[in-house]
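The structure appears right after this line, and notes come after that.
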Amino acid sequence: MKILIFPVAIFILAVAVHLVIWKISFPLKHRILILINIFAWVLVFGIIILPDFSQSLEFIVLYCSLGAAYLLSYPAIEADSPSLAITYNIAQTASAGLVKAELNKMMDDDILVVARINDLLSEGLVCLRSGKYYLTPSGLFLAGLFSGFRKLLNLPKGG
Amino acid sequence: MIYNQSLNICLPFIALAVNILFQISVFRFFPKTGLLRSVFFGFTVGCLAIIFLGFGTRLIFNLLVYVLLGYCYFHFINMGQTARRIRILTELKACPGGLSVQEILERYNSAEIIECRISRLVEHGQVLFKNGKYYIKSPFLLLVARTLIILKQALFPR
């Protein structure tokens, strides 16, 4: 049981550190990178105070798995999911219902696409030169990873 | 002892590899299965692999790590399928000469995003389309949306 409790406790500590930092000073840029740094430093702290060093490998594996699941979920919380926003907007009308034209007015290009381009810019995945967007090396790696995997599954463009 | 510990720690990763291989094979050779169902099958086979390969040795620990890794893999597939940022990156990858905002919007825009999502919501029984209007059919996604709003209010400044 000890093998489960300690990594989970350290993970909760990392989440708490994240929440406190976000409350004190919300970072406007490189949020994922900052989050990775928080989790990495709390991991180092966990290894230092680990009660039984023979279980360090188990601690690292479980903590990193929890951290990876959290880091992957974070962008979904940060960015408004269009499906959830559509559901919420329809619910706001109660029994009156909502026509598609109204939805298109509520959720335009600025909200759904341009805001995401700005996110990519602030995360350093794209750069802007003379009015055009280009992939940075990390953006190119990410795009290659996803398009390669989708090609392997024979899937069309996502989004 | 060290050998056993190292082998035991590898079990969730072996199960994840089994999961991925099975999911890809099922979806490639039986595309009618559907993406979500293939992910579910892959996850189940990985669970069985962990139970049979490492029965009795830290089963709960291995299962927990495997579930987390399986969740990450599901998220990876889901991001490729629905994430707008990934779609924009893919569009930019296809145009090494770069794209302006207008050019990106010609390839990917709010109308396409809404059309794709609303069809999916109707298809999956979350939303009802009647007499040219959309209504909530199932409260599940609405509950998720409200929970996320609360989480966002707690996490982000207004």
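By convention in this document, chain letters (A, B, ...) are assigned in the order of the sequence lines, proteins followed by strands, and residues within each chain are numbered from 1.
- For B:I136, the parts lying under 4.5 angstrom from a heavy atom of chain A are both the backbone and the side chain.
- Using a distance-only test at 3.5 Å, with no hydrogens or angles considered, a donor-acceptor pair links the side chain of B:K152 to the main chain of A:E78.
- Contacts between A:I77 and chain B at a heavy-atom distance below 4.5 Å involve backbone atoms as well as side-chain atoms.
- Only the backbone of B:P96 comes within contact range of chain A, with at least one heavy atom under 4.5 Å from a heavy atom of that chain.
- Using a 4.5 Å cut-off between heavy atoms, B:Q102 makes no contact with chain A at all.
- Heavy-atom distances place no part of B:L128 under 4.5 Å from chain A, backbone and side chain included.
- Checking side-chain atoms of A:S122 against main-chain N and O of A:D119 turns up a donor-acceptor pair under 3.5 Å.
- In this structure, the portion of B:L105 lying under 4.5 Å from any heavy atom of chain A is its side chain and not its backbone.
- Contacts between B:F140 and chain A at a heavy-atom distance below 4.5 Å are absent for every atom of the residue.
- Classification of B:E115 and A:K100 as a salt-bridged pair holds, one side-chain N sitting under 4.0 Å from a carboxylate O.
- Between chain B and the options A:L153, A:L145, A:L62, the largest number of non-hydrogen pairs under 4.5 Å is found for A:L153.
- The ring of B:F22 has its center no closer than 6.0 angstrom to the ring center of B:F41.
- Of the listed residues B:A83, B:G97, B:G132, the one with more heavy-atom pairs under 4.5 angstrom with chain A than any other is B:G97.
- At a 4.5 Å heavy-atom cutoff, A:A85 makes no contact with chain B through either its backbone or its side chain.
- Both the backbone and the side chain of B:I114 come within less than 4.5 Å of a heavy atom in chain A.
- Within the 4.5 angstrom heavy-atom criterion, only side-chain atoms of A:V126, from C-beta onward, approach chain B.
- Of the atoms belonging to A:S73, heavy atoms from both backbone and side chain fall under 4.5 Å from chain B.
- In this structure, chain A has no heavy atom under 4.5 Å from any part of B:Q126.
- In this structure, chain A has a heavy atom under 4.5 Å from the side chain of B:R28, while its backbone stays farther away.
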